[in-house]
**Student:** 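Below are the structure tokens for one structure; questions will follow.
Lettering of chains follows the sequences in order, A, B, ..., and the numbering in each one begins at 1.
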2 protein chains.
Amino acid sequence: MQPTVVDRLIEIGELFQRDMARTFEGTALTLARTAVLWVLHGSGPVTQQTLATALEVTPRNVTGLVDALEATGFVRRRPHPTDRRATLVELTETGEQATTTMVREHDELTSVLTDAVAPADRDAFARGLEAVAAKLRELVAPETAADTAEDES
Amino acid sequence: MQPTVVDRLIEIGELFQRDMARTFEGTALTLARTAVLWVLHGSGPVTQQTLATALEVTPRNVTGLVDALEATGFVRRRPHPTDRRATLVELTETGEQATTTMVREHDELTSVLTDAVAPADRDAFARGLEAVAAKLRELVAPETAADTAEDES
DNA sequence: TATTGTTATACTCTATAACTATA
DNA sequence: TATAGTTATAGAGTATAACAATA
């Protein structure tokens, strides 16, 4: 029985995770922690509450992730200027470097994988991915479609 | 900036995980545990050592997963007939039912996602996925290509 | 000596609940 | 009264190291 579209997509997902794990080797970074850096890279300094919402995890979870990232020098906590309950989290110089590297590697991977697809197949391939993603969004969480629409900010 | 091929593939991976999590809701199953059931479904009764190799985790990890699956009735431990060091793990009736359901849902998802792609794009889409998977295998672990070749058993 | 599975220990990610300080 | 972040507690997955039983 040859692999189906779903088999291939699942395999690709696993390979992506393995690729990321390989990238993190020897650093204090993990998938969850880089997700925090990624959000901060796109948003600038934000409260932990905002991070919790963006990452779809609990505030308690954010405390742990920020603790770890602060201890290893990637982010810094700073008092919120007007709301004394809140804490702003921002990237340190080390954190900025890490995200810069991540962006570069992401772009390189995009090039490599795009090149791997035969030129004549690329448009159809992109349309197929878009169609599959749209259907999955619909299946998994109807409200996620709205989230994606807001992403344009 | 519109999403690239890699962005889409990452999103699809996340959506798959969310879909699986939704399926497990209310059961004692998790992603790691269903991976065990999936192996047993394909292999029949095997030792924990074999499971560890197949899942690419440590034997200690397998002990924990099998403990959990045994406690919740999905698998059963049985002495190895000839090697008294080893333990055979096999699916119970409950475990068989669970894997049957998993296979059915997997097939349904395959249909739904295949149908979501425009008929004229399907061949190119499949070729593109294959090309991307092949390139990723090459990038991530040169030896994985050999693993896949052995999969025909 | 090598292998199988376990106990012991530890780290990461995740969650809920209760609490403090502040709005 | 509600919100931001923390402490307390718990469970899942993962790992290494040491060990007992068996090969």
**Student:** For B/Thr114 and B/Ser111, does a side-chain donor sit closer than 3.5 Å to a side-chain acceptor?
**Tutor:** no
**Student:** Counting only side-chain N and O atoms of A/Gln49, is one of them less than 4.0 Å from OP1 or OP2 of D/dA4?
**Tutor:** yes
**Student:** Backbone N or O of A/Ala68 within a donor-acceptor pair of the A/Arg33 side chain at under 3.5 Å?
**Tutor:** no
**Student:** Can you name the salt bridge (charged side-chain N to carboxylate O under 4.0 Å, His left out) partners of B/Glu96, sequence neighbours left out?
**Tutor:** none
**Student:** How long is the line joining CD of B/Gln48 and P of C/dT7, in whole Å?
**Tutor:** 11 Å
**Student:** With the threshold set at under 4.0 Å for non-hydrogen atoms, list the residues of residues 63-87 of chain A touching DNA chain C in residue-number order.
**Tutor:** A/Leu65, A/Thr82, A/Asp83, A/Arg84, A/Arg85
**Student:** Send over the distance from B/Arg60 CZ to C/dA10 C1', rounded to a whole Å.
**Tutor:** 12 Å
**Student:** Return the set of residues passing salt bridge (charged side-chain N to carboxylate O under 4.0 Å, His left out) with A/Arg127 (not counting sequence neighbours), or none when no residue passes.
**Tutor:** B/Asp121
**Student:** Does a donor on one side chain sit under 3.5 Å from an acceptor on the other, for A/Thr110 and A/Asp107?
**Tutor:** no
**Student:** Return no unless some side-chain N or O of B/Asn61 is found under 4.0 Å from OP1 or OP2 of D/dT14.
**Tutor:** yes
**Student:** Would you tell me whether A/Thr58 and A/Asn61 have side-chain atoms, one donor and one acceptor, within less than 3.5 Å of each other?
**Tutor:** no
**Student:** In residues 21-47 of chain A, what residues come within less than 4.0 Å of DNA chain C, judged by heavy atoms?
**Tutor:** A/Thr30, A/Ala32, A/Arg33
**Student:** Taking salt bridge (charged side-chain N to carboxylate O under 4.0 Å, His left out) as the test, write out the residues that go with A/Asp83, two or more places apart.
**Tutor:** A/Arg85
**Student:** Using the ring pair (Phe, Tyr, Trp, His ring centres under 6.0 Å) criterion, which residues pair with A/Phe74? Sequence neighbours excluded.
**Tutor:** none
